[in-house]
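Read the structure below first, then the notes.
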Number of protein chains: 2
Amino acid sequence: MAPPLQTSAFLSPGLGVHPSRQADLQRCLLCDQRDANLCSGLDKQGLAALAQSSKRLVLPPGTTMVEEGEPAVSFFNVTQGTVKLFKSLPDGRRQITGFADPGQFLGLSPSDVYSFGAETVDTVQVCRFQRPQLEGLLSDFPVFERNLLVAVTDRLAEAQEQMLLLGRKTAKEKVASFLLDRLQAHERAQATAAAHDHDEPAATTEHVASVPMTRIDIADYLGLTIETVSRTISALRREKIIANMENHYIQILAPATLRQIASGQQNG
Amino acid sequence: MAPPLQTSAFLSPGLGVHPSRQADLQRCLLCDQRDANLCSGLDKQGLAALAQSSKRLVLPPGTTMVEEGEPAVSFFNVTQGTVKLFKSLPDGRRQITGFADPGQFLGLSPSDVYSFGAETVDTVQVCRFQRPQLEGLLSDFPVFERNLLVAVTDRLAEAQEQMLLLGRKTAKEKVASFLLDRLQAHERAQATAAAHDHDEPAATTEHVASVPMTRIDIADYLGLTIETVSRTISALRREKIIANMENHYIQILAPATLRQIASGQQNG
DNA sequence: CGACCACCTTGATATAGATCAAGCCAGCAG
DNA sequence: CTGCTGGCTTGATCTATATCAAGGTGGTCG
């Protein structure tokens, strides 16, 4: 009776599977991300079912997880690292529609074929579900289905926010919004780490944004060119609103100013 | 246990309610849109519950249905007409994130406050659900919850397509894509009408797009100005790809060409 | 150690689409 | 019928961002 819920993904079978843990019923119970989105609110039985229905994978940077147009057979929950989701035009123009950070799912598609591509940005850990198993979980655990509905609703709201950015914000506003997103992503990751590391009371990291992706990815996410992204970041640095840190981190010196820029209330 | 699923809307109580039909248990059973998305797959009992949990409203053009930032108390299913959904920046810049045509829902929000605004484009009929009733239906009728999950997934895929348009398509490609969307919307409406009007075998309307919204709305949907929209439509008319009809309809003379333009494979 | 490569930055110039400015057209009120 | 209003079209000019072009930097590998 229920319409088939399609999920998507393409991945060579077994790639990255941790053989020793495949059948570990405790895996989800012990997971860092247990309380994140999809897996929250489940009892021990539910978590065991989840562990049995999924496999944990570790994927190196640049791995194609989902290819547009391929049969949608897998569904993923990200537990570590960052995945980029994108759509492309025949001539190669590309739009990154979002980055999936730990706690986020990916792989739902409205048809039996994926409507987007997905590729790892850095080293990524995911739990992979095959579609039949996912369907079983949705039917057997109403909390799980409700979690997924809430998660998809969240993503839709994010997409609407991103449409506002793409259609109506200037380059500077786009970059400011992006940096704030990445600040939030890093803060969430820190919070999760702290919650599972009871000794260290989490030294309040001073406004650091995690930016594991390249300028090309940022440009394709913001609807700009890499040159404009680079120039805009340089301008923010000159204005002492941000500062460079090591490799893939940017320090936000003036978060309030950045927030004003992002919402179009200031032009620096 | 299930996280509260928030829905949104602001509407003066009772506005547009058809008093005589409020309690009509047959209403959903007899509805044109019964098989559309949310309400499909329900048995008589389910349809009766749906009818009891919702009210049918008729809203004139330009009615504010949902206002960004107001408590999210209502959820709607559109049965007639077109609603625009949008987000705005403090200085008034606006992005229309989508048009809800018959068969589409609106009103879900990730928090207890709506994250977007919604306004009728033309005369609109909707079924309105208050949040507690919606929650009840989702819990009592798994088919209904599954339908909603599928519908939200569809909207997310549309949003991703629209991000590709906003970030990476030219003005001409944007307008071509929009006209094809409106062609599809009109074809779906015709099909629904035909299915409920068994006498008339639905004279295959020759590629007509329904465009009830103004140039301002189109511009705010495509991330352009009204002048650019107007110029681009004029150019397509000059190229004999489209032709004007009465007020709010546009005839598509060369759908294949339009499709090529929309996907970036031709520049005319 | 050197040189290659991927990625990033900065500068000069070009252009798609925005902005500014008129005027047109249809429907409605008087 | 006349004039007003809201929505649309068209033209002239401007500008934010793209494009073209030239280095710079840091990590890796022979």
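By convention in this document, chain letters (A, B, ...) are assigned in the order of the sequence lines, proteins followed by strands, and residues within each chain are numbered from 1.
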Residue-level proximity of residues 87-99 of chain A to DNA chain D when a heavy atom falls under 4.0 Å: none
Note, A/Gln104 side chain near A/Glu158 side chain (heavy atom, < 4.5 Å): yes
By side chain to side chain donor-acceptor pair (under 3.5 Å) - contacts of A/Arg94 (at least two apart): A/Asp217, A/Asp220
Contacts of A/Arg93 that satisfy side-chain contact (heavy atoms from CB on, under 4.5 Å) - sequence neighbours left out: A/Leu89, A/Asp91, B/Arg168, B/Thr170, B/Glu173
For DNA chain D, the residues among residues 173-181 of chain B that have a non-hydrogen atom under 4.0 Å from it: none
Value in whole Å for how far the P atom of D/dG27 lies from CD of A/Glu246: 12 Å
Could you give the side-chain donor-acceptor pairs of residues 242-262 of chain A under 3.5 Å, partners two or more places apart or in another chain?
residue: A/Asn244; atom: OD1; partner: A/Arg237; partner atom: NE; Å: 3.3
residue: A/His248; atom: ND1; partner: A/Val211; partner atom: O; Å: 3.0

First-last contacting nucleotides on DNA chain C - partner chain A, under 4.0 angstrom, heavy atom: C/dC8 to C/dA12
Those residues that, when tested against A/Gln33, pass side-chain contact (heavy atoms from CB on, under 4.5 Å) (two or more places apart): A/Cys31, A/Ala36, A/Thr79, A/Pro102, A/Thr192
Under 3.5 Å: donor-acceptor pair, side chain of A/Lys55, backbone of A/Arg128: no
So which protein N/O to nucleotides 7-9 of chain D N/O distances come out below 3.5 Å?
residue: D/dC8; atom: OP2; partner: B/Arg215; partner atom: N; Å: 2.9
residue: D/dT9; atom: OP1; partner: B/Arg215; partner atom: NH2; Å: 3.3
residue: D/dT9; atom: OP1; partner: B/Arg237; partner atom: NH2; Å: 3.4
residue: D/dT9; atom: OP2; partner: B/Arg215; partner atom: NE; Å: 2.7
residue: D/dT9; atom: OP2; partner: B/Arg215; partner atom: NH2; Å: 3.1
residue: D/dT9; atom: OP2; partner: B/Ser230; partner atom: OG; Å: 2.8
residue: D/dT9; atom: O5'; partner: B/Ser230; partner atom: OG; Å: 3.1

D/dT17 OP1/OP2 closer than 4.0 Å to side-chain N/O of A/Thr225: no
Pairs where residues 217-245 of chain A contributes a residue and the test ring-ring contact (aromatic ring centres under 6.0 Å, His included) is met, not counting sequence neighbours: A/Phe99-A/Tyr221, A/Phe178-A/Tyr221
Protein-nucleotide distance (A/Asn247, atom CG; D/dG27, atom C1'), rounded to Å: 10 Å
Check: A/Asp122 side chain, A/Thr82 main-chain N or O, donor-acceptor pair, under 3.5 Å: yes
Shortest non-hydrogen contact between A/Ala171 and A/Leu224, atoms and distance: CB-CD2, 4.0 Å
With B/Thr225 via side-chain contact (heavy atoms from CB on, under 4.5 Å) - residues at least two apart: B/Glu227, B/Thr228
Pairs where residues 175-184 of chain B contributes a residue and the test salt bridge (Lys or Arg N to Asp or Glu O under 4.0 Å) is met, not counting sequence neighbours: B/Asp101-B/Arg182
Backbone of B/Thr63 reached by a side-chain donor or acceptor of B/Thr120 within 3.5 Å: yes
By side-chain contact (heavy atoms from CB on, under 4.5 Å) - contacts of B/Gln160 (at least two apart): A/Lys87, A/Thr97, A/Ser115, A/Phe116, B/Leu156, B/Met163
